[in-house]
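What you see is a predicted model, and the numbers here were worked out from it, not measured in a lab. If you read the sequence from its start, that first residue is 1, and numbering goes on from there.
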Amino acid sequence: MSLNLSSTPLKHDVMKYSVIYITLLLSFSAFAQEQLSLEDCYQLVDKNYPLAKQQSLLENQNAYDLEAIKTQALPQLSLAAQATYQSEVTQVPIPNMGIEPLNKDQYRATATINQLIYNGNRIEASLNAQKTNLKTQQKQVEVSLYQLKKQVNQIYFSILLLQEKNALLEAKQEQLTTRIKEVKSGIEYGTVLPASDKVLEAELIKIQQQLLDNNYNKNSLFETLSLLTGSDLNPKISLENPELTAPLQAGISRPELELFQLKKEQIQANEQLLSKNNYPKLSGFATGGYGNPGLNMLDNSFQGFYTVGLQLNWKVFDWNSNKKERQSLLVKNDIIDTETEVFNLKTNMELRQQESDMQKINELIATDNQIIKLRQGVLKAAESQLKNGVITASAYITELTNLFEDETNLKTHTIQLLLVKANYNITKGQ
């Protein structure tokens, strides 16, 4: 038995919602394939750059290291065996006692179990130092990935600038195509000088050359961006023009600063570990064996034996070696403070320069808009003059090129401003 949708009132609704769902799905898919944002590039680098794999690798390595440290608290089993021949043996210097001298060839096999009882919590200190070391290594990876963002910015906005230039070239191409039609009509009616269309057509070919050059450059940049992000990016993808703000706020929030702090914590953990080396170490042991002779040196035969006991080790004097190592860590801590100060100084200098660049570019953009407005008026007059045969095609091309160059300057300054803002935010750690 089958259900005939044509005979049910749900057919219309099912078809309606199916079409809407498919349309939305295709639209989303097309958007996902044809649009790429700056933030998308950041995320792809964090995910796919080879260095990012170290995060999980470091965690795996640390897990093994922690397990190895913990085994120090477990019973330790050791085996030993030896066979010797000696030139002399101990003898009882009393005649007629009936005590046979030991054999000159002797054999012994033993198994010993050692159990740590107390070592001043050195194992706990070792575990803490190892965990701090993992955090430091992972933060170092994060810092290295973060520093790639400025490289991403440079490539991203270079491609974006080529996109904008292509749009201007295509607009110029469209204008020239329109002018060529008008000029050919003018030549036909004798209002425009002959061969004027050839001048415009030559300029049109130059535009095609520029578009070709831009496309090759864009493809090359996309290849670099693909390698950096670990993704196969289609050069036909359109990069989004981001809306960036760069608030001039005091304070730096960079992962490098967190790394410096973790390095200091690592020094503190190592200092605590060193302090545990001066504590006594108490352990229990049990040894069982079989050999000739056994523990009874007067019994010249193979026998089993065992010993149990406690062992205390305490290094009471080490020529101040431990103290000097701890002093070395204190110096290293001061070095990190100096590195932090230098980093803050360089970062603030870079921020001041970027703030100055933003102010300068904003002023350039304001003058670019003024120039373009004037150039548009001149070109509009030139179009009318060319159409009526008052000026030559070369004179028109000069004015068209002037406007194109000024519009290119505006686009270049606009993209430069976005690049400086993006780098400014990366420099501040926003």
Side-chain angles (χ1 to χ4, degrees), residues 30-38 40-41 44 151-185 187 192 195-242 361 364-365 368 371-372 375-376 378-380 382-383 386 392-419 422:
F31 176 80
Q33 294 175 0
E34 297 176 2
Q35 295 286 332
L36 185 68
S37 69
L38 182 60
D40 290 337
C41 293
L44 288 172
Q151 188 175 349
V152 172
N153 289 345
Q154 190 64 47
I155 299 172
Y156 186 93
F157 288 106
S158 294
I159 296 175
L160 192 59
L161 179 58
L162 289 175
Q163 281 185 186
E164 298 292 343
K165 286 184 176 180
N166 277 352
L168 290 176
L169 284 169
E170 290 170 356
K172 183 180 180 182
Q173 187 179 46
E174 185 177 349
Q175 284 182 294
L176 276 175
T177 302
T178 302
R179 297 291 85 76
I180 289 172
K181 292 179 180 179
E182 294 175 352
V183 166
K184 285 186 175 181
S185 177
I187 293 173
V192 179
S196 294
D197 58 332
K198 305 301 181 185
V199 176
L200 298 178
E201 288 172 352
E203 185 66 20
L204 194 60
I205 294 174
K206 287 183 180 180
I207 293 176
Q208 293 171 353
Q209 289 180 330
Q210 292 174 340
L211 285 170
L212 181 64
D213 183 61
N214 282 357
N215 286 331
Y216 272 108
N217 291 335
K218 188 174 74 169
N219 290 344
S220 177
L221 288 170
F222 260 112
E223 289 179 2
T224 304
L225 188 60
S226 295
L227 292 173
L228 196 58
T229 58
S231 304
D232 186 14
L233 302 178
N234 191 332
K236 295 182 179 180
I237 291 177
S238 176
L239 300 188
E240 293 182 5
N241 201 330
I361 296 174
L364 290 174
I365 289 175
D368 285 338
I371 294 172
I372 289 173
R375 290 291 188 192
Q376 287 173 341
V378 173
L379 181 62
K380 186 174 181 180
E383 290 175 358
L386 175 65
T392 63
S394 297
Y396 169 77
I397 289 175
T398 299
E399 297 303 332
L400 180 63
T401 302
N402 288 337
L403 176 60
F404 172 76
E405 290 177 352
D406 293 329
E407 289 176 335
T408 301
N409 287 337
L410 174 61
K411 291 297 182 182
T412 301
H413 291 149
T414 302
I415 299 300
Q416 284 178 347
L417 181 60
L418 289 174
L419 174 59

State the CG-NZ distance between L204 and K172, to the nearest 0.5 angstrom.
-> 10.0 Å
May I have the step-by-step check of side chain to side chain contact (heavy atoms under 4.5 Å, CB included) for Q173 and Q210, ending in yes or no?
-> CA-CA 11 Å; Q173 187 179 46; Q210 292 174 340; over 6 Å; no
Would you find a donor on one side and an acceptor on the other, under 3.5 Å apart, between the side chain of T408 and the backbone of F404?
-> yes
Working to the nearest 0.5 Å, report the span between CG of L212 and CD1 of I207.
-> 13.5 Å
Going through the checks in order, is the side chain to side chain contact (heavy atoms under 4.5 Å, CB included) test met by T412 and Q416?
-> CA-CA 6 Å; T412 301; Q416 284 178 347; 3.7 Å; yes
Side-chain contact test, heavy atoms from C-beta onward, threshold under 4.5 Å: evaluate it for E201 versus K184 and give yes or no.
-> yes
Should Q209 and D213 count as side-chain neighbours, where that means a heavy-atom distance under 4.5 Å?
-> no
Side-chain heavy-atom pair L410, D406 within 4.5 angstrom cut-off = no
Is any side-chain heavy atom of L418 less than 4.5 Å from a side-chain heavy atom of N241?
-> yes
Give the minimum heavy-atom separation between H413 and I361, together with the two atoms involved.
-> O-CG2, 3.2 Å
Flag, side chain of S226 to backbone of S231, donor-acceptor distance under 3.5 Å | yes
Check whether any side-chain heavy atom of Y156 lies under 4.5 Å from a side-chain heavy atom of L228, and answer yes or no.
-> no
So do the side chains of L239 and F157 get within less than 4.5 Å of each other, counting heavy atoms only?
-> no
Heavy-atom pair with the smallest gap, counting every atom of A422 and L38 = CB-CD2, 4.3 Å
Apply side chain to side chain contact (heavy atoms under 4.5 Å, CB included) to I180 and V183, showing your working.
-> CA-CA 5 Å; I180 289 172; V183 166; 5.7 Å; no
Which atoms form the tightest heavy-atom contact between L36 and C41, and what is the distance?
-> CD2-SG, 3.7 Å
In Å, rounded to the nearest 0.5 Å, how long is the span from CG of L386 to CG of L379?
-> 10.0 Å
Over 12 non-hydrogen atoms of neighbours within 6.0 angstrom of CD in Q208 = yes
Where do N219 and P235 come nearest, in terms of heavy atoms and distance?
-> OD1-CB, 3.0 Å
Should the heavy atoms of other residues, nucleotides or ligands under 6.0 Å from CD of E164 be counted, would the total exceed 12?
-> yes
Charged N to carboxylate O under 4.0 angstrom, E383 versus K380?
-> no
Identify every side-chain donor-acceptor pair in residues 393-403 under 3.5 Å, counting partners at least two apart or on other chains, and give the distances.
residue : atom : partner : partner atom : Å
T398    : OG1  : S394    : O            : 3.0
T401    : OG1  : I397    : O            : 2.8
N402    : ND2  : T398    : O            : 3.2

Nearest 0.5 Å please: distance from the CD1 atom of I365 over to the CD1 atom of I372.
-> 10.5 Å
Of all heavy-atom pairs linking T229 and L233, the shortest is OG1-CD1, 3.9 Å
Kindly indicate, with the supporting measurements, whether the criterion side chain to side chain contact (heavy atoms under 4.5 Å, CB included) is fulfilled by E223 and L227.
-> CA-CA 6 Å; E223 289 179 2; L227 292 173; 5.7 Å; no
Taking all non-hydrogen atoms of both residues into account, name the closest pair between E240 and S37 and its distance.
-> OE1-CB, 3.4 Å
Drop me the distance from T178's OG1 to L200's CG, to the nearest 0.5 angstrom.
-> 11.0 Å
Would you indicate whether the side-chain heavy atoms of P242 and L160 approach each other to under 4.5 Å?
-> yes
R375 with E407: basic N within carboxylate O range, under 4.0 Å | no
Could you tell me the separation between the NZ atom of K181 and the OG1 atom of T177, rounded to the nearest 0.5 Å?
-> 7.0 Å
